[in-house]
Novice: 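Below is a structure I'd like to ask you about.
The structure presented is a predicted model; accordingly, all values stated were derived computationally and were not measured.
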Amino acid sequence: MNNHTIDKAIQIWINQDASRKNIGHSVNGNITEKNYSTEVIWNNGVDEKGFGIPMEAPISWSDLQSFITQAEDYFASIAYQSVREKAYPNIKEQLDMMYHDQVNNTTTWKDTIQKVKLDNPKE
(Lines give C-alpha, C1' and ligand atoms only; values in the text may rest on other atoms or scores of the structure.)
Protein backbone atom coordinates (compact mmCIF):
# COMPACT_ATOMS: atom_id res chain seq x y z
CA MET A 1 0.00 0.00 0.00
CA ASN A 2 1.43 3.38 -0.89
CA ASN A 3 2.81 5.64 1.79
CA HIS A 4 0.33 8.45 1.09
CA THR A 5 -2.61 6.22 1.95
CA ILE A 6 -0.97 4.92 5.13
CA ASP A 7 0.08 8.43 6.16
CA LYS A 8 -3.47 9.77 5.65
CA ALA A 9 -4.96 6.80 7.55
CA ILE A 10 -2.65 7.50 10.50
CA GLN A 11 -3.51 11.21 10.38
CA ILE A 12 -7.22 10.35 10.49
CA TRP A 13 -6.60 8.04 13.47
CA ILE A 14 -4.55 10.68 15.32
CA ASN A 15 -7.12 13.42 14.69
CA GLN A 16 -9.94 11.33 16.17
CA ASP A 17 -8.58 11.66 19.70
CA ALA A 18 -7.01 14.79 21.21
CA SER A 19 -4.82 12.65 23.47
CA ARG A 20 -2.94 11.50 20.35
CA LYS A 21 -1.89 15.01 19.26
CA ASN A 22 1.77 14.51 20.29
CA ILE A 23 2.15 11.25 18.39
CA GLY A 24 4.36 11.59 15.35
CA HIS A 25 5.09 9.15 12.59
CA SER A 26 6.95 8.69 9.34
CA VAL A 27 6.08 6.24 6.60
CA ASN A 28 8.86 4.72 4.51
CA GLY A 29 7.85 3.29 1.14
CA ASN A 30 5.04 0.90 0.40
CA ILE A 31 3.59 -0.60 3.55
CA THR A 32 2.31 -4.13 4.01
CA GLU A 33 1.21 -6.04 7.05
CA LYS A 34 4.64 -7.71 7.13
CA ASN A 35 6.71 -4.51 7.14
CA TYR A 36 4.29 -2.23 9.03
CA SER A 37 6.23 -2.48 12.29
CA THR A 38 9.57 -1.58 10.66
CA GLU A 39 8.57 0.89 7.95
CA VAL A 40 6.24 3.09 9.99
CA ILE A 41 8.29 4.89 12.62
CA TRP A 42 6.40 6.23 15.62
CA ASN A 43 7.40 8.80 18.19
CA ASN A 44 5.76 10.37 21.19
CA GLY A 45 6.84 13.99 21.20
CA VAL A 46 10.41 15.20 20.92
CA ASP A 47 13.36 15.25 23.27
CA GLU A 48 15.42 18.30 24.30
CA LYS A 49 17.50 18.01 21.12
CA GLY A 50 14.43 17.98 18.89
CA PHE A 51 14.56 14.29 18.05
CA GLY A 52 11.47 12.12 18.15
CA ILE A 53 11.06 9.93 21.20
CA PRO A 54 10.63 6.41 19.75
CA MET A 55 7.62 4.35 20.68
CA GLU A 56 5.94 1.11 19.68
CA ALA A 57 3.12 1.36 17.16
CA PRO A 58 0.09 2.62 19.11
CA ILE A 59 -2.31 1.04 16.61
CA SER A 60 -2.14 -2.44 15.13
CA TRP A 61 -2.21 -3.15 11.42
CA SER A 62 -5.64 -4.77 11.73
CA ASP A 63 -7.05 -1.80 13.67
CA LEU A 64 -5.59 0.59 11.08
CA GLN A 65 -7.57 -1.06 8.27
CA SER A 66 -10.77 0.94 8.82
CA PHE A 67 -8.71 4.15 8.72
CA ILE A 68 -7.03 2.96 5.51
CA THR A 69 -10.50 2.58 4.01
CA GLN A 70 -11.33 6.14 5.09
CA ALA A 71 -8.07 7.39 3.56
CA GLU A 72 -8.80 5.61 0.27
CA ASP A 73 -12.29 7.12 0.25
CA TYR A 74 -10.79 10.56 0.87
CA PHE A 75 -8.31 10.25 -2.01
CA ALA A 76 -11.04 8.95 -4.33
CA SER A 77 -13.21 11.93 -3.41
CA ILE A 78 -10.53 14.44 -4.43
CA ALA A 79 -9.11 12.63 -7.46
CA TYR A 80 -10.89 15.01 -9.82
CA GLN A 81 -8.88 17.93 -8.39
CA SER A 82 -5.52 16.90 -9.79
CA VAL A 83 -7.07 16.10 -13.17
CA ARG A 84 -8.77 19.50 -13.24
CA GLU A 85 -5.60 21.25 -12.16
CA LYS A 86 -3.74 19.86 -15.16
CA ALA A 87 -6.62 20.66 -17.54
CA TYR A 88 -6.94 24.34 -16.60
CA PRO A 89 -4.97 26.81 -18.70
CA ASN A 90 -2.15 28.48 -16.78
CA ILE A 91 -2.93 31.70 -14.92
CA LYS A 92 -1.29 33.96 -17.54
CA GLU A 93 -3.47 32.44 -20.25
CA GLN A 94 -6.56 32.79 -18.09
CA LEU A 95 -5.81 36.45 -17.39
CA ASP A 96 -5.30 37.06 -21.08
CA MET A 97 -8.64 35.39 -21.82
CA MET A 98 -10.34 37.59 -19.21
CA TYR A 99 -8.80 40.72 -20.69
CA HIS A 100 -9.91 39.84 -24.21
CA ASP A 101 -13.37 38.86 -22.94
CA GLN A 102 -13.72 42.33 -21.40
CA VAL A 103 -12.45 44.12 -24.50
CA ASN A 104 -14.39 41.99 -27.00
CA ASN A 105 -17.47 41.30 -24.89
CA THR A 106 -16.89 37.53 -25.21
CA THR A 107 -17.03 34.60 -22.77
CA THR A 108 -13.93 32.62 -23.74
CA TRP A 109 -12.57 32.34 -20.19
CA LYS A 110 -15.94 31.35 -18.70
CA ASP A 111 -16.51 28.78 -21.46
CA THR A 112 -13.01 27.31 -21.03
CA ILE A 113 -13.37 26.95 -17.26
CA GLN A 114 -16.87 25.50 -17.59
CA LYS A 115 -15.62 22.89 -20.06
CA VAL A 116 -12.85 21.78 -17.68
CA LYS A 117 -15.38 21.47 -14.85
CA LEU A 118 -17.86 19.54 -16.99
CA ASP A 119 -15.17 17.23 -18.37
CA ASN A 120 -13.87 16.54 -14.83
CA PRO A 121 -16.85 16.54 -12.45
CA LYS A 122 -16.76 16.18 -8.69
CA GLU A 123 -18.00 12.63 -8.34
Novice: Under the side chain to side chain contact (heavy atoms under 4.5 Å, CB included) test, which residues partner Q16, sequence neighbours left out?
Specialist: I12, R20, F67, Q70

Novice: By the side-chain hydrogen bond (donor to acceptor under 3.5 Å, both in side chains) test, which pairs, at least two apart or in different chains, include something from residues 105-114?
Specialist: Q94-W109, D101-T106, D101-T108, T107-D111

Novice: Which residues, ordered by chain and number, are linked to V103 in its hydrophobic cluster, where ILVMFWY side chains connect at heavy-atom gaps below 4.5 Å, directly or through other members?
Specialist: Y99

Novice: Is the number of heavy atoms from other residues, nucleotides or ligands under 6.0 Å of Q11 CD greater than 12?
Specialist: yes

Novice: Under a single-linkage rule joining Ile, Leu, Val, Met, Phe, Trp and Tyr whose side-chain heavy atoms are separated by less than 4.5 Å, which residues share a cluster with I53?
Specialist: none

Novice: Could you tell me the separation between the CG atom of N104 and the CE atom of M97, rounded to the nearest 0.5 Å?
Specialist: 13.5 Å

Novice: Can you list every side-chain hydrogen bond (donor to acceptor under 3.5 Å, both in side chains) pair that touches residues 51-69, not counting sequence neighbours?
Specialist: S60-S62, S60-D63

Novice: What are the two closest non-hydrogen atoms of G52 and P54, and how far apart are they?
Specialist: O-CD, 3.3 Å

Novice: For Y80 and P121, which heavy atoms make the closest approach, and how far apart are they?
Specialist: CB-O, 3.5 Å

Novice: How close do A71 and A9 get, counting heavy atoms only, and between which atoms?
Specialist: CB-N, 3.7 Å

Novice: Not counting sequence neighbours, which residues clear side-chain hydrogen bond (donor to acceptor under 3.5 Å, both in side chains) with D119? List them please.
Specialist: K115

Novice: Got a sec, which residues hit side-chain hydrogen bond (donor to acceptor under 3.5 Å, both in side chains) with E93, two or more places apart in sequence or on another chain?
Specialist: N90

Novice: Among I14, L64, I10, whose side-chain contact (heavy atoms from CB on, under 4.5 Å) with I59 holds?
Specialist: L64

Novice: Checking V116 now: which residues fulfil side chain to side chain contact (heavy atoms under 4.5 Å, CB included) with it, not counting sequence neighbours?
Specialist: R84, A87, Y88, N120

Novice: Less than 3.5 Å apart, which donor and acceptor atoms pair up between the side chains of residues 38-47 and the rest of the protein, not counting sequence neighbours?
Specialist:
{"unit_1": "T38", "atom_1": "OG1", "unit_2": "N35", "atom_2": "O", "d": "3.2"}
{"unit_1": "D47", "atom_1": "OD1", "unit_2": "K49", "atom_2": "N", "d": "2.9"}
{"unit_1": "D47", "atom_1": "OD1", "unit_2": "G50", "atom_2": "N", "d": "3.0"}
{"unit_1": "D47", "atom_1": "OD1", "unit_2": "F51", "atom_2": "N", "d": "2.9"}

Novice: Determine whether I113 and V83 fall in the same hydrophobic cluster, where Ile, Leu, Val, Met, Phe, Trp and Tyr are linked whenever their side-chain heavy atoms lie under 4.5 Å apart.
Specialist: no

Novice: To the nearest 0.5 Å, tell me how far M1 CE sits from I31 CD1.
Specialist: 10.0 Å

Novice: Not counting sequence neighbours, which residues clear side chain to side chain contact (heavy atoms under 4.5 Å, CB included) with F75? List them please.
Specialist: H4, T5, K8, I78

Novice: Name all pairs fulfilling the side-chain hydrogen bond (donor to acceptor under 3.5 Å, both in side chains) condition that reach into residues 21-31, sequence neighbours left out, sorted by first residue then second.
Specialist: D7-H25

